[in-house]
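As the structure is a computational prediction, the values presented were derived from the model and not from experiment. Residue numbers start from 1 in every chain, and the chains themselves are labelled A, B, ... in the order their sequence lines are given, proteins ahead of strands.
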Protein chains: 2
Amino acid sequence: MQSLERIRENFPIVRNKIFLNHAAHSPLPKPVADAIIGYVKEASEQWFSEINFEEAKGLFAKLINAKRKEEVAFIPNTSTGLNIVANMLEYNENSNIVTTDLEFPSVVYPWLKRKLNVKVRYVKNSSGKILPEAVEAAVDENTVAIVVSHVEYANGFRNDLKALAGIAHKNGAYLVVDAIQSAGALTIDVVKDDVDFLCTACYKWMLGPSGIGFLYVREELIENFEPPFVGWASVKPEVFETVDFWNIWSLEFSETASRFEVGGPSVIGIVGAIEALKLLLNFGIENIERRIFELTDYLIERIKEQGWQLQTPEEKRWRSGIVNFLIDKPQEMVTRLAEKGIIVSARTNGIRVSPHFYNTKEEIDKLVEECKVNV
Amino acid sequence: MQSLERIRENFPIVRNKIFLNHAAHSPLPKPVADAIIGYVKEASEQWFSEINFEEAKGLFAKLINAKRKEEVAFIPNTSTGLNIVANMLEYNENSNIVTTDLEFPSVVYPWLKRKLNVKVRYVKNSSGKILPEAVEAAVDENTVAIVVSHVEYANGFRNDLKALAGIAHKNGAYLVVDAIQSAGALTIDVVKDDVDFLCTACYKWMLGPSGIGFLYVREELIENFEPPFVGWASVKPEVFETVDFWNIWSLEFSETASRFEVGGPSVIGIVGAIEALKLLLNFGIENIERRIFELTDYLIERIKEQGWQLQTPEEKRWRSGIVNFLIDKPQEMVTRLAEKGIIVSARTNGIRVSPHFYNTKEEIDKLVEECKVNV
């Protein structure tokens with residue numbers, strides 16, 4: 001394991017900011033920025049070098065412990081991944097999906113479309129927690145899917161995916177996971193947790209650029225579904241192997257998850273994602289998770305010391321890289337902190353702090369001190 | 001109007017390659033590369049500077065002469081734009097769409113989906129031309145849309161959009177246009193040509209990066225449609241104005257074309273698109289079109305001189321920036337030309353040449369000479 005100092009050399013942001021806002025949009029690490037800059041220069045002067053798209057899928061498969069990279073498709077953003085799933089599941093007039101009242105809007109929106117005509121059941125949180133028992137009570141034989149964020153965006157509550165998968169599968173439903181607030185920060189194991197569909201984008205905890213993300217579809221499910229959006233990227237690569245006229249008369253879908261791809265992805269996005277994934281896997285996602293918990297444990301301690309009210313459930317099994325505490329006029333506080341070079345977000349009447357593995361306790365201290373002054 | 005020499009300074013590729021392949025994937029002009037590099041550096045060292053997304057939409061609206069930037073939505077690629085339209089039009093059991101046998105697969109694929117259950121009628125080309133009379137003969141009262149590329153990818157045939165719009169509208173159908181092979185090269189006027197839906201991406205003639213594109217929806221149509229994919233980007237911005245809990249209970253769609261957006265776009269893509277559009281508009285799209293025709297006229301003359309067989313219809317009203325001529329083993333020829341630094345593509349048993357406004361007759365000459373040697 002590299003020393004913290006060596007690690008921080010990869011993050012030029014630390015020289016200029018105390019950046020504790022990875023749940024929003026991460027600064028690009030130096031290797032990621034350099035890879036993109038190198039690619040763009042080449043694309044300007046020499047045309048394009050070949051990028052190995054499959055490498056990105058393989059690295060992401062590793063990050064979430066998928067069995068094969070063929071279970072991974074590129075998507076431009078998480079919302080698109082959720083819509084792909086929402087639009088290809090089958091519903092009848094009594095169907096429902098079960099979600100929670102802590103979700104980011106995009107997690108729920110795809111199922112609110114009139115055309116799908118599916119009921120959306122919102123499991124209520126208990127003091128910021130979604131209890132698997134409450135989910136179980138909401139699920140019935142008409143439930144097509146349980147749809148949740150792995151980590152809830154505002155308070156950082158971490159859902160117990162294994163428990164939810166068990167509930168879903170017992171009822172013949174799928175588990176659909178938005179991993180945007182966990183991928184890159186916490187260990188994810190789609191096999192152990194028995195996840196059916198999972199999607200995320202690269203620009204938050206994964207430390208890559210925006211405009212590129214990944215959809216995981218469990219191997220056995222891929223060929224069961226006609227993708228809702230189809231394009232050249234959805235069909236077998238053989239279709240394009242000749243320079244004669246290509247098949248425009250019928251759809252020969254790819255047998256891999258790439259059937260859920262539509263058209264050209266952001267190549268710059270993939271270049272950045274490859275570097276970002278290498279960086280994360282190099283350091284080790286277990287090590288990253290451990291570092292993040294060291295920092296968030298410490299932050300929670302400091303918050304409690306001040307008598308501020310945590311909005312994040314305190315038990316570690318329900319926690320993540322996000323800590324939220326209640327404060328008066330959080331948006332104004334965020335602006336004042338930004339003036340001091342401390343970057344956090346305001347969410348649900350509180351301050352949302354989201355440190356990554358390269359942050360330090362000293363940075364947390366500075367945040368707390370500045371909040372004290374300004375409260 | 002700048003001198004050609006001044007213009008070519010914006011294209012570092014000309015020092016290293018004879019690049020005649022803009023119908024495939026363009027090299028990035030220097031101002032576009034510089035803007036992306038500057039943004040990426042900033043995103044690494046200082047976090048993100050604010051990007052004016054609306055500026056990109058305004059510039060694109062100008063390029064296609066749309067009435068308002070509110071008629072423009074970001075899409076990650078052209079195929080996605082076509083799928084949005086295909087999935088939101090209404091069909092009954094007798095419905096058909098009319099397209100052509102010259103289309104790129106992605107233009108047709110969205111309508112081949114089993115779930116849509118719509119018949120696809122392919123108008124046959126006559127010697128590489130799609131005659132409006134032939135389209136008219138294929139359209140009937142069950143036609144929901146005429147779906148075509150403005151310029152066909154393989155032979156460069158340019159459809160007469162105004163004629164097709166007339167046929168469509170007379171029959172209560174929409175005109176849906178894929179403009180990937182014309183936007184940035186030819187003048188487009190969605191008002192004069194009465195186009196209903198048009199989409200394109202930035203990485204070909206528009207000289208921008210991949211992963212970003214635009215969907216135009218005629219003003220009067222926007223609010224008639226529930227978008228097939230919905231996310232935070234589809235709803236009114238007011239939904240996200242507070243830091244309290246956001247509305248996850250109902251969909252309040254944006255009144256502008258941004259209702260067709262789903263989630264976060266490629267910000268790097270938008271940064272590049274803004275610079276690319278400025279460059280195109282600065283030079284003037286009419287001037288660009290004129291320059292491209294000078295070059296393609298010259299190329300056609302030279303091809304005929306050699307006795308090679310044009311696959312591109314010769315009359316100027318049907319032409320574009322793409323010229324294709326028949327050749328034995330085109331893929332091998334493309335490889336041999338690339339070894340000499342001349343970049344073109346192989347399509348439908350021929351060589352596809354696609355010069356942009358900064359190319360020169362001397363470059364065309366070199367292509368022809370190399371082809372002669374290798375034929």
* Asked: Hey, what do you get for NZ (B/Lys41) to CG (A/Leu28), rounding to the nearest 0.5 Å?
  -> 13.0 Å

* To do: Could you look at A/Val230 and say if it's the side chain, the backbone, both or neither that has a heavy atom under 4.5 Å from chain B?
  => both

* Asked: When you measure from the side chain of B/Tyr122 to the backbone N and O of A/Ile248, does any donor-acceptor pair fall under 3.5 Å?
  -> yes

* Structure fact -> Heavy-atom closest pair (B/Ser79 atom, A/Gly263 atom, distance to 0.1 Å) is OG-CA, 3.8 Å

* Determine yes or no for a side-chain-to-main-chain donor-acceptor pair under 3.5 angstrom, with B/Gln46 supplying the side chain and A/Asn16 the backbone. => no

* Indicate the ring-plane relationship of B/Phe104 and A/Phe240, choosing parallel, tilted or perpendicular according to the 30° and 60° boundaries. => parallel

* Are any side-chain N or O atoms of B/Ser44 and backbone N or O atoms of A/Ala33, one a donor and one an acceptor, separated by less than 3.5 Å? -> no

* To do: List for me each residue that meets ring pair (Phe, Tyr, Trp, His ring centres under 6.0 Å) alongside B/Phe229, sequence neighbours excluded, and say none if there are none.
  => A/Phe229

* Go through the atoms of A/Asp101 and report whether side chain, backbone, both or neither lie under 4.5 Å from a heavy atom of chain B. => both

* So B/Trp249 and A/Tyr109, ring pair (Phe, Tyr, Trp, His ring centres under 6.0 Å) or not? Walk me through it. -> CA-CA 8 Å; B/Trp249 323 96; A/Tyr109 283 174; over 10 Å; no

* Counting only N and O atoms by type, is there a donor-acceptor contact under 3.5 Å from the side chain of A/Lys113 to the main-chain atoms of B/Pro228? -> yes

* Asked: Is the backbone of B/Trp232 close enough, under 3.5 Å, to the side chain of A/Ser106 for a donor and an acceptor to pair up by distance?
  -> yes

* Tell me, out of A/Leu116, A/Val32, A/Ile37, A/Ile36, who's got the most heavy-atom pairs with chain B below 4.5 Å. => A/Ile37

* **Gap separating the CG atom of A/Leu112 from the OG atom of B/Ser250, nearest 0.5 angstrom** => 7.5 Å

* **Stepwise side chain to side chain contact (heavy atoms under 4.5 Å, CB included) test for B/Glu45 and A/Phe11** => CA-CA 8 Å; B/Glu45 291 165 15; A/Phe11 293 88; over 6 Å; no

* Asked: A/Ser210 side chain to B/Val267 main-chain N or O, any donor-acceptor pair under 3.5 Å?
  -> yes

* Asked: Is it the side chain or the backbone of A/Pro110 that comes within 4.5 Å of chain B heavy atoms, both, or neither?
  -> both

